[in-house]
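Structure record follows, encoded as structure tokens.
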Amino acid sequence: MNTIEKYKKYVNISMVDKVQPVVIEKAQGATITDVEGKSYIDCFSGIAVVNAGHCNKKVIEAAKAQMDKLVHCCSYVYYAQPTADLAEKLAQITPGRLQKTFFGSGGAEAIEGALRLAKQFTGKTEFIALQTSFHGRSYATLSVTGNSARKKRGGPYMVGCAFLPAPYCYRCFFELEYPKCQLRCARALEDIIRFDTYDNVAAFIAEPILGEGGIITPPDDYFLEIDKILKKRDILFVVDEVQTGFCRTGKMFGIEHYKVEPDIMAMAKGIADGFPLSGFIAREEIADSFKPGDHLSTFGGNPVSCAASLANIEFLAEQNLAEGALRKGEYIKAQLERLSTKHKLIGEVRGKGLMIGIELIRDNQKMPANTESNKIRDFCRDNGLLIGLGGIYGNVIRIQPPLVISQEQMEEVTRILELALSKI
Ligand SMILES: Cc1ncc(COP(=O)(O)O)c(C=O)c1O
């Protein structure tokens with residue numbers, strides 16, 4: 001049996017429409033090579049994970065060196081140096097007063113823990129999240145996910161979760177226009193607290209840019225308005241940086257674009273360039289509200305993943321990849337804007353840094369073009385380009401390459417996309 005046949009027989013893939021028909025053998029930088037030797041430019045990074053590039057030499061060397069010394073001890077039963085070093089580094093590179101990290105293995109685990117900590121610190125029990133958001137596949141994280149497509153057949157969910165209309169300007173839920181709207185969607189938070197909760201809200205949780213929702217990019221002053229309301233009501237702000245972190249958006253963390261200080265920040269994906277690791281960091285007084293027995297993770301803060309993460313963060317800084325992502329993102333967006341004048345299928349190009357969404361529409365009524373987005377993905381794949389899809393209607397092409405993508409590769413990306421648009 002070959003790999004695809006074994007997957008069909010032994011891997012539970014019944015929960016995905018299809019696995020992309022590419023059997024990957026190896027990858028380097030922004031290039032993926034399949035078992036037949038065909039190469040692809042990777043514009044999805046294993047869902048926004050390998051920001052420092054596939055098999056980054058510095059990261060791999062750090063992980064190998066750590067593997068020769070210690071792979072696992074449970075970093076909460078015994079002390080492990082890479083775990084301590086990484087926690088110190090995260091306190092230095094995260095905004096504001098965020099200081100103490102709890103480590104887990106995946107994004108959902110980080111969000112779960114962050115929510116639990118918010119409850120523990122505030123003594124309150126409710127949460128407010130955004131419609132169109134995605135926070136993971138565990139019970140609590142699905143409970144605060146604002147998209148029934150992800151939640152269906154899994155309910156009922158946790159009580160005490162209310163949802164605020166998303167800052168989705170292209171399809172404004174209030175049918176208003178920015179900036180004339182005066183951020184109606186942010187101001188609606190007051191109404192949600194008053195009418196949809198029992199006024200016992202521990203935290204508001206949001207992604208700085210809503211990734212799975214379709215790279216929905218809030219206006220620059222959105223979180224400032226939200227923050228004012230949260231402060232007035234003593235509600236914590238939990239920022240979900242799982243997808244936006246580690247230079248993806250052109251800053252070390254996405255929330256830095258919005259100039260507000262979160263109380264708790266969850267991170268995963270790009271934290272260790274592909275090694276499984278996640279964490280949530282909080283101000284000291286918040287972090288210390290966990291009491292013995294409240295929380296733990298067997299694999300959390302794994303020494304190999306932490307060593308890889310430290311090397312990853314060093315690499316991102318040495319190569320100035322935050323700045324690089326901004327510059328490269330501007331280049332790709334300019335090319336896509338050029339294409340949008342020729343191809344009516346492109347409704348909007350948005351995003352920050354190398355977190356770019358292309359929303360495809362069918363007519364002037366902005367009918368979501370989701371069949372077309374699938375065809376474009378297939379065409380691109382057949383022509384050596386891997387892209388992602390997302391959006392609440394499945395009609396948003398996601399361009400989220402490793403941040404080390406070269407100019408030559410970016411030119412090839414736009415060439416293949418243009419070809420795809422002209423063939424669909
Ligand atoms: C913003 C955000 N939060 C949480 C998660 C869940 O992360 P994981 O799949 O590692 O559990 C994701 C995954 O796509 C995400 O994009």
Side-chain angles (χ1 to χ4, degrees), residues 12-13 15-16 44-51 102-118 127 129-147 149-151 154 157-158 161 163 166-168 203-218 223 237-249 253-255 257-258 262 264-281 297 299-302 305 308-309 351-357 387-392 394 396 398-400:
N12 189 346
I13 48 172
M15 71 298 163
V16 286
F44 205 24
S45 306
I47 322 190
V49 169
V50 288
N51 293 3
F102 177 92
F103 291 107
S105 311
E109 189 186 359
I111 303 290
E112 283 270 347
L115 297 179
R116 175 98 192 261
L117 182 63
F127 296 104
L130 289 177
Q131 292 175 357
T132 79
S133 64
F134 179 72
H135 296 292
R137 301 283 189 169
S138 61
Y139 180 64
T141 58
L142 276 174
S143 301
V144 291
T145 285
N147 186 356
R150 299 283 168 270
K151 299 167 85 152
Y157 290 98
M158 210 165 74
C161 300
F163 292 88
Y168 192 177
F204 168 78
I205 178 166
E207 304 154 76
I209 295 176
L210 293 89
E212 303 300 306
I215 320 286
I216 296 171
T217 311
F223 283 106
F237 177 28
V238 176
V239 69
D240 179 346
E241 291 272 3
V242 168
Q243 193 160 150
T244 43
F246 300 95
C247 301
R248 168 64 48 201
T249 68
F253 295 100
I255 200 63
H257 290 285
Y258 294 97
I264 305 177
M265 176 190 281
M267 50 202 143
K269 289 195 189 280
I271 190 170
D273 203 37
F275 287 86
L277 184 68
S278 69
F280 56 95
I281 184 166
S297 170
F299 290 121
N302 171 270
S305 293
S309 175
K352 290 186 190 292
L354 284 171
M355 184 163 182
I356 300 171
I387 56 175
L389 290 189
I392 50 174
V396 179
R398 292 161 65 184
I399 306 291
Q400 300 177 268

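Index from 1, following the sequence. Note that these values count all heavy atoms, side chains included, but never hydrogens, waters or copies made by symmetry. None of these values were measured; they are calculated from a predicted model. Counting starts at 1 for both ligands and their atoms, following the listed order.
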To the nearest 0.5 Å, tell me how far Ile209 CD1 sits from Ile356 CD1.
10.0 Å
Partner residues of Ser133 under the side chain to side chain donor-acceptor pair (under 3.5 Å) criterion, sequence neighbours left out:
none
Of all residues at least two apart in sequence or in a different chain, which pass the side chain to side chain donor-acceptor pair (under 3.5 Å) check with Asp273?
none
Under the side chain to side chain donor-acceptor pair (under 3.5 Å) rule, collect the residues that match up with Ser297, sequence neighbours excluded.
Glu109
Could you tell me which non-hydrogen atom of Ser305 sits nearest to which non-hydrogen atom of Phe275, and how far apart they are?
OG-CB, 3.8 Å
Parallel, tilted or perpendicular for Phe253 and Phe246, by the 30°/60° rule?
perpendicular
Give every pair made of an N or O atom of ligand 1 and a protein N or O atom lying under 3.5 Å apart, one pair per line with both atom names and the distance to 0.1 Å, or write 'none'.
from: ligand 1; atom 1: 3 (N); to: Asp240; atom 2: OD1; distance (Å): 3.4
from: ligand 1; atom 1: 3 (N); to: Asp240; atom 2: OD2; distance (Å): 2.7
from: ligand 1; atom 1: 10 (O); to: Gly107; atom 2: N; distance (Å): 2.8
from: ligand 1; atom 1: 11 (O); to: Gly107; atom 2: N; distance (Å): 3.4
from: ligand 1; atom 1: 11 (O); to: Ala108; atom 2: N; distance (Å): 2.8
from: ligand 1; atom 1: 14 (O); to: Lys269; atom 2: NZ; distance (Å): 3.0
from: ligand 1; atom 1: 16 (O); to: Gln243; atom 2: NE2; distance (Å): 2.7

